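Worksheet: the structure to be examined is printed underneath.
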Amino acid sequence: MNDSSAGFVFSVPYEIAVVRPLRQTTLSEREDALKAAFYNTELIRQELIYIDLSTDSGVSSLSTGQLAAFTGASGLEPGMGLAAEGSRAFQSLKEQFHAIFGFPYVVATTQGRAAERIWSKLHVKPNGVVAGNMLFPSTRMHIEMNGAKVVDVISEAAHDLASAELFKGNVDLTKLEAVFREQGENVCCVYVELAVNSCGGHPVSLGNLKAVKVLAAAHQVPLFLDACRIFENSYLIKQREPGYQNRSIQEIVRETCDLADGLTMSALKDLLVPMGGLIGARDPASYQKAAMQGFLDGVQPPGSALEMMSVALREIFAAESAVACRVEQVNYLWRRLNGGVPLVQPPGGHAVFVDVKKFLPHVAPENHPAEALAAFLYHMSGIRVTRGPPAAPSQVQRGVELLRLAVPARKYVQGHVDDVAKAVLYTYAHREEIKGLKKTDKPGRSKYDPSYFAPV
Ligand code: F0G
């Protein structure tokens, strides 16, 4: 709790109302589970997991208000249909969305990637160029599927895992200027991801975003945001950027959005729901086209999903410490491990990232050190971690190997986090026992296809 002249501020703005019991597994059960999953922790059956840090997406605990929205009559009411405006749930979400993010128009989708697909289709042209700051793979792929090229303009610090730079998600303005100079009319948009997932959940500062906006506006190019972790980004701005300490999260969120011409957002992260994506638009034409495309693609969420997003938005901003509580839990895990284990510096908003090359210098890259580390950790503890998003092209070039400990918001208590710290520190102390894995099949579907492994 924080002391204040008005009394203490609650650290945790909720209590646990419903729980899912977990069964203690044995070492030999976990060995069998690993064999059955071809040593790929992504494939281990859910009931054999103790703590799941594979993602923070769509796995947060629901509030009693969200559960009521989910099981109540709203799911049975008319859904979005062709004219979303007719739906009561949509109206409620629209009001919340407008009040918090300031965009006059919103289109709801089933997931973030559906929002990106629609938005890219509208704003990315064949042979065009999009400047982005290490965009999430699905965003990049949707841009590429529309025939354009993504040029990465993230700061060099994003690739320096040991750098303590506080805003590693920032755009390198010199690189952005070069894109405008070299690509001219071909530049379709600048797409900035907040709290950049792939490099460590590192924030983008408002100072940087303002400078990006000035450059983009000078070239009459729109600035779009991937805002799925905008609350975490805003909290880190409040903590780290001079001049923002006395501003509320809501004010910072609004100032961030005011710089953008549009946004796409997966609601599965900061909005604490298992389904939902959002597009924020400023012009009616983009809104109408996006709404029509969502209708044609069949990615309109049911009324209950709209209600759950709208309840989440109301609740998050009703509790002073909601966002702080979430980010500080990630920060606590980072502090428990930092110094004992090689971590990406400094802490980010949604996950702790392990620098695998430093953790396992004796395991060659072709022996899949990240997956081998994850398999050892699971075997010892039942805790699941995975690599997280497939590496960005610039990370592949530099041979960066990360393992992501993604902390779902509002799901685990401090005892869980302490157990994670204990298990990861144990794994580091026993790292010589980790020999690596060999791949036994080739991914078929795509780079997202989970591979099969065997011990070397
Ligand atoms: N943008 C970012 C930054 C993301 O992290 C994700 C998903 C998406 C877009 C796509 O949203 O899943 O709703 O379609 N990230 C998840 C993760 C999968 O584990 O990091 P979605």
Side-chain angles (χ1 to χ4, degrees), residues 16 18-62 274 329-330 332-333 336-337 340-341 351-354 356 359-360 362-363 367-388 401-445 448-456:
I16 297 165
V18 178
V19 297
R20 179 191 293 129
L22 299 174
R23 183 176 66 78
Q24 172 69 56
T25 53
T26 64
L27 205 57
S28 74
E29 263 183 311
R30 294 196 294 270
E31 195 173 336
D32 290 345
L34 270 174
K35 279 184 196 148
F38 301 95
Y39 293 85
N40 185 333
T41 53
E42 282 185 48
L43 300 173
I44 294 169
R45 280 166 40 209
Q46 192 64 48
E47 60 270 29
L48 298 170
I49 303 289
Y50 170 35
I51 299 168
D52 197 343
L53 304 183
S54 59
T55 185
D56 63 325
S57 178
V59 286
S60 301
S61 307
L62 296 180
Q329 189 180 45
V330 176
Y332 174 76
L333 176 60
R336 287 287 322 263
L337 293 174
V341 174
V352 173
F353 288 70
V354 172
V356 176
F359 197 113
L360 295 177
H362 59 283
V363 180
N367 288 333
H368 308 282
E371 286 85 353
L373 202 172
F376 185 90
L377 180 70
Y378 172 75
H379 188 196
M380 289 299 127
S381 66
I383 296 167
R384 179 191 351 234
V385 298
T386 61
R387 290 175 71 102
E401 279 271 358
L402 300 176
L403 196 64
R404 184 180 73 164
L405 282 59
V407 183
R410 211 163 61 176
K411 184 167 180 182
Y412 293 119
V413 298
Q414 186 153 338
H416 289 118
V417 180
D418 286 330
D419 281 355
V420 172
K422 198 182 272 183
V424 175
L425 290 166
Y426 174 94
T427 302
Y428 192 61
H430 291 79
R431 61 192 180 280
E432 292 298 334
E433 293 168 31
I434 304 175
K435 305 291 179 217
L437 298 170
K438 58 177 190 264
K439 210 177 255 189
T440 58
D441 86 329
K442 277 214 206 96
R445 257 195 325 253
Y448 276 104
D449 203 12
S451 306
Y452 291 178
F453 300 101
V456 291

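Because the structure is a prediction, the values reported are computed rather than measured. The chain is numbered in sequence order, starting from 1.
Rounded to the nearest 0.5 Å, atoms OG1 (T41) and CD1 (I383) are 12.0 Å apart. In this structure, CG in L34 is found 4.5 Å from CD1 in I44, a value given to the nearest 0.5 Å. Between H379 atom NE2 and T25 atom OG1 the span is 10.0 Å, to the nearest 0.5 Å. The structure places CG of L377 at 15.0 Å from OH of Y428, a figure rounded to the nearest 0.5 Å.
Ion pairing between R387 and E401 holds under the 4.0 Å rule for side-chain N and carboxylate O.
A distance-only check finds no donor-acceptor pair linking the side chain of R23 to the backbone of E47 [under 3.5 Å]. A donor-acceptor pair is defined here as one N or O able to donate and one able to accept, closer than 3.5 Å; no such pair exists between the side chain of D56 and the backbone of A406. At distances below 3.5 Å, not a single donor-acceptor pair connects side-chain atoms of R384 with backbone N or O atoms of I51.
Pairing each heavy atom of L403 with each of A370, the nearest pair is CD1-O, 3.6 Å. Looking at every heavy atom in both residues, R404 comes nearest to A351 through CG-CB, 3.6 Å. Residues T55 and S57 share a closest heavy-atom pair of OG1-N, 3.0 Å. When all heavy atoms of V356 and P369 are compared, the pair lying nearest together is CG1-CB, 3.6 Å. Counting all heavy atoms, side chain and backbone alike, L22 lies closest to I49 at CD2-O, 4.1 Å. Here the closest non-hydrogen pair linking A454 and T440 is CB-CG2, 3.7 Å.
Heavy atoms of other residues, nucleotides or ligands lying less than 6.0 angstrom from NZ of K435 number more than 12.
Sequence neighbours left out, the pairs with a member in residues 407-419 that pass side-chain hydrogen bond (donor to acceptor under 3.5 Å, both in side chains) are Y50-D419, Q66-R410, Y332-Q414, Y332-D418, R336-D418.
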Checklist entry - Where do F453 and Y39 land on the ring pair (Phe, Tyr, Trp, His ring centres under 6.0 Å) test, with the steps shown first? => result CA-CA 5 Å; F453 300 101; Y39 293 85; 8.7 Å; no

Next on the checklist: F376 vs H430, test: side-chain contact (heavy atoms from CB on, under 4.5 Å). Steps then yes/no.
Outcome noted: CA-CA 10 Å; F376 185 90; H430 291 79; 3.9 Å; yes

Item to check | Test side-chain contact (heavy atoms from CB on, under 4.5 Å) applied to V420 and V352, step by step | outcome: CA-CA 11 Å; V420 172; V352 173; over 6 Å; no

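Taking the side chain as every heavy atom from C-beta outward, F359 and R431 approach each other to under 4.5 Å. Looking at L53 and P408, their side chains come closer than 4.5 Å, going by heavy atoms from C-beta outward. Contact annotation: the side chain of S381 never approaches that of T427 to less than 4.5 Å [non-hydrogen atoms, C-beta and beyond]. The shortest side-chain heavy-atom distance between L337 and L405 falls under the 4.5 Å cut-off. At a threshold of 4.5 Å between non-hydrogen side-chain atoms, the residues D32 and L48 do not count as touching.
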